[in-house]
Amino acid sequence: MLSAESAGIVRATLPVIGASLDAITARFYETMFSERPELLDGLFNRGNQANGEQRRALAGSIASFATMLLDHPDERPDALLARIAHKHTAVGVTDDQYVIVHKYLFGAIAQVLGEAVTAEVAAAWDEVYWLMAGALIALEGRIYAEAGACDGDTWRRWRVVARRDETPDTVSFLLRPAGDAPVPPARPGQYVSVRVRMPDGVHQLRQYTLSNAGEDGVRRITVKRVDGDPAGEMSTLLHATVRPGDELTLSAPFGDVTLEDGDAPLLLVSAGIGCTPMVAMLDHLVATGSRRRVLVLHADRSPAEHALREDMLRPAAERIFWYESGAVAPDREGLMNLDGIEIPDGAVAYLCGPVPFMRDVRARLMRAGVAARDIHYEVFGPDLWLGAS
C-alpha cells in the first residue's frame, strides 16, 4: 500500500512525529476552529475538544495507521478503519471535509516541527494521509448507502413518546419516528447521534446506544447525566429539558460492534452505563428465540445506581453482578473479578464500559482462554483504544 520510498521515510520519522502528535493535533484543532468555527456547529463535539479526548483519539488513529502500514505492508487495517468510519458517519462527515482536515493538519505539522519537515518528509506523510482518507471515504460511502443516505444526510426527527427515570442520574427516552418515511434498520449494539441546539445557539452531537430497537418502530436511548465534564453538556441538557411530546433529531444507527449470529456461547461484560448495548443484545436474543448460552457480567456502584437492571435479569441468561456497595446474594461485592467463574469454551465476548475496565477484563478473558479475535469492545465518544489488538 505504501510506496517503498515513503515507507522508509515514515519509518525513520515516526518516532519524532509520534512524540509530537499531541502538540500537532492541538495546533491543528486550534487553527482549524479559529478559521472555520462553523465546524463546531453540528459536527465536532466541543466537550470532547475541551477535555482533550478528540485530540488524543486523532493522534492515536494516525500513529496506529502508520504503524500498521509499516508492520503489515500487504494488509489493510480494516478493523481500525471500520471503527473510525462508523464514528464519522454517525456525525455526517463528508468527502470534502478530508481536504479541509488535510490543509490544517499538515499546516500544524509544519508549524510544530519546523525545518525537520522537508519536502520528502511531507510527501511521505501526505501519502499516509491520503491512503487513510481514501480508504475511509470509500468505506463511509458504503455505510451511508446501507443506511439509505448519501453525503452524510441521515438525519430525521423523532418524537419522545415516554420518559422513564432509571436511576437518580439516568433516564430512558422512548422515541417514535415523526413522519411516514421508512425507518433505517438497527442492529443490536449500534448507536445513534442525537443533534440538539444548545442554549447558545450552537448545535452539538452526542452518540447514544440504542438500548432497545423494537419491531414496532419505537426505539429507546438511555442517557446518563455527566456532571463536571464538558463532554456532559448534551446529557445534562437532555435530562433537564426533554419531556414526552418533544422532538429530537437523530441520525441513522451506526457502529461496527454488533451482535453476530451464531451458536457460540456469549459473554456480555459491562460496567456502569456500558450496559446499554448488552441490554439491546439480550432483547434481540429473546426476540429471536436464541438458545445460545449467555453469561452476563456487570459491575456498578450499587443496585440503586444500576441502570436497566431489570432488563438485564433475563431468564434466558446467566448473570453475575458486582456492586461496590449494597450487594445482596447472589450478587457479589467489590470490583469485577473473574476468579472462579467458568468461561465457556469458544466463547465470544462483548465489552462496554470505561477503557481501563475493558483493558483489565480483556486481559483476564485472554488468560482464561478466550481468543483475542473473539473479544469485541465499544467505546462511548472518541475511541481512545484505537489500534488495540
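Because the structure is predicted, anything quoted here is derived from the model rather than measured.
Here the closest non-hydrogen pair linking Arg156 and Pro184 is NH1-CD, 4.4 Å. Nearest approach of Glu166 to Ser172, heavy atoms of both residues: OE2-OG, 2.7 Å. Here the closest non-hydrogen pair linking Ala280 and Pro188 is O-CB, 3.8 Å. Of all non-hydrogen atoms in Arg11 and Pro15, the two that sit nearest each other are O-CD, 3.6 Å. Across all non-hydrogen atoms, the minimal contact from Leu105 to Phe28 is N-CD1, 3.3 Å. Contact record, Trp155 with Ala90: CH2-O, 3.9 Å, taken as the closest heavy-atom pair.
Side chain of Thr209 to backbone of Ser211: no donor-acceptor contact under 3.5 angstrom is found. At distances below 3.5 Å, at least one donor-acceptor pair connects side-chain atoms of Thr167 with backbone N or O atoms of Thr170. Judged by distance alone, the side chain of Arg163 and the main-chain N or O of His239 form a donor-acceptor pair under 3.5 Å. Distance alone, capped at 3.5 Å, places no donor-acceptor pair between the Ser235 side chain and the Gly232 backbone. Although no hydrogens or angles enter the test, the distance criterion places a donor-acceptor pair under 3.5 Å between the side chain of Thr13 and the main chain of Ile9. Side-chain atoms of Gln204 come within 3.5 Å of backbone N or O of Arg46 as a donor-acceptor pair. Between the side chain of Arg292 and the backbone N or O of Ala264, at least one donor-acceptor pair lies under 3.5 Å. A donor-acceptor pair under 3.5 Å links the side-chain atoms of Arg197 to the main chain of Gly201, judged by distance alone. A donor-acceptor pair is defined here as one N or O able to donate and one able to accept, closer than 3.5 Å; no such pair exists between the side chain of Glu140 and the backbone of Ile137. Panel note: side chain Arg187, backbone Val257; no donor-acceptor pair is recorded below 3.5 Å.
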**Report entry** CA sep, side-chain torsions, deciding dist, call: Arg301, Glu324, salt bridge (charged side-chain N to carboxylate O under 4.0 Å, His left out)
**Finding:** CA-CA 5 Å; Arg301 290 191 177 91; Glu324 295 178 32; 5.3 Å; no
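By the neighbour-count criterion of 12 heavy atoms within 6.0 Å, atom CD of Glu5 is sparsely surrounded, having that number or fewer from other residues, nucleotides or ligands. Shown here is Arg243, whose CZ atom has more than 12 heavy atoms of other residues, nucleotides or ligands within 6.0 Å. Atom CG of Asp263 sits in a sparse spot, with 12 or fewer heavy atoms from other residues, nucleotides or ligands closer than 6.0 Å. Counted within 6.0 Å of CG on Asp345, heavy atoms from surrounding residues, nucleotides or ligands total 12 or fewer; the atom is thus considered open. In Asp261, the CG atom is not crowded: 12 or fewer heavy atoms of neighbouring residues, nucleotides or ligands sit closer than 6.0 Å.
In this structure Arg36 satisfies the side-chain hydrogen bond (donor to acceptor under 3.5 Å, both in side chains) test together with Glu38, sequence neighbours excluded. In this structure, the side-chain contact (heavy atoms from CB on, under 4.5 Å) partners of Ala317, at least two apart in sequence or on a different chain, are Leu282, Val294, Val296. Shown here are the salt bridge (Lys or Arg N to Asp or Glu O under 4.0 Å) partners of Asp180, two or more places apart in sequence or in another chain: there are none.
Atom-to-atom distance recorded for Ser325:OG and Glu333:CD is 7.5 Å, nearest 0.5 angstrom. Here Leu80 contributes atom CG and Ser64 contributes atom OG; the two are 6.0 Å apart, rounded to the nearest 0.5 Å. Residue Leu267 holds its CG atom at 8.5 Å from CZ of Arg293, rounded to the nearest 0.5 Å. Taken to the nearest 0.5 Å, the CG atom of Asn212 stands 4.5 Å off from the CG atom of Asp283. Leu81 contributes atom CG, which lies 10.5 Å from atom NE2 of His88 (distance to the nearest 0.5 angstrom). Put simply, CD1 on Ile341 and CD1 on Ile320 are 4.0 Å apart, with the number rounded to the nearest 0.5 Å.
In the hydrophobic cluster analysis, where Ile, Leu, Val, Met, Phe, Trp and Tyr join through side-chain heavy atoms closer than 4.5 angstrom, Leu313 is grouped apart from Val328. In terms of hydrophobic clustering, with Ile, Leu, Val, Met, Phe, Trp and Tyr side chains grouped at heavy-atom distances under 4.5 Å, Leu69 and Ile84 are assigned to a common cluster. Under a hydrophobic clustering in which Ile, Leu, Val, Met, Phe, Trp and Tyr are joined whenever their side-chain heavy atoms come within less than 4.5 Å, directly or via other members, Tyr98 and Tyr104 fall into the same cluster.
Side-chain atoms of Asp300 and His298 form a donor-acceptor pair, as typed in the model, at a separation below 3.5 Å. With hydrogens and angles left out, the side-chain atoms of Tyr191 and Glu378 include no donor and acceptor closer than 3.5 Å. Under the 3.5 Å distance criterion, with hydrogens and angles disregarded, a donor-acceptor pair is assigned to the side chains of Ser3 and Ser6. Inspection of the Thr258 and Gln190 side chains reveals no N or O donor paired with an N or O acceptor under 3.5 Å. For the residue pair Ser302 and Glu305, a side-chain donor N or O sits within less than 3.5 Å of a side-chain acceptor on the partner.
Applying the salt bridge (Lys or Arg N to Asp or Glu O under 4.0 Å) test to pairs two or more places apart or on separate chains, those with a residue in residues 22-33 are Asp22-Arg55. Applying the ring-ring contact (aromatic ring centres under 6.0 Å, His included) test to every pair with at least one member in residues 318-345, sequence neighbours left out, gives these pairs: His306-Phe321, His306-Tyr323.
Cluster note: Ile221 groups with Trp158, Val160, Val171, Phe173, Leu175, Val183, Val192, Val194, Val196, Met198, Tyr208, Leu210, Val223, Met234, Leu237, Leu238, Val242, Leu248, Leu250 through ILVMFWY side-chain heavy atoms spaced under 4.5 Å, whether in direct contact or through intervening members.
Between Asp256 and the options His376, His86, Arg83, Lys87, a side chain to side chain donor-acceptor pair (under 3.5 Å) holds for only Arg83.
Asp331 has a carboxylate O that lies under 4.0 Å from a charged side-chain N of Arg309, or vice versa, which qualifies the two as a salt bridge. Taking the charged nitrogens against the carboxylate oxygens, Arg195 and Asp41 have no contact shorter than 4.0 Å, which rules out a salt bridge.
In summary, the aromatic rings of Phe106 and His102 are positioned with their centroids under 6.0 Å apart. Ring pair Phe33/Phe44: centre-to-centre distance below 6.0 Å.
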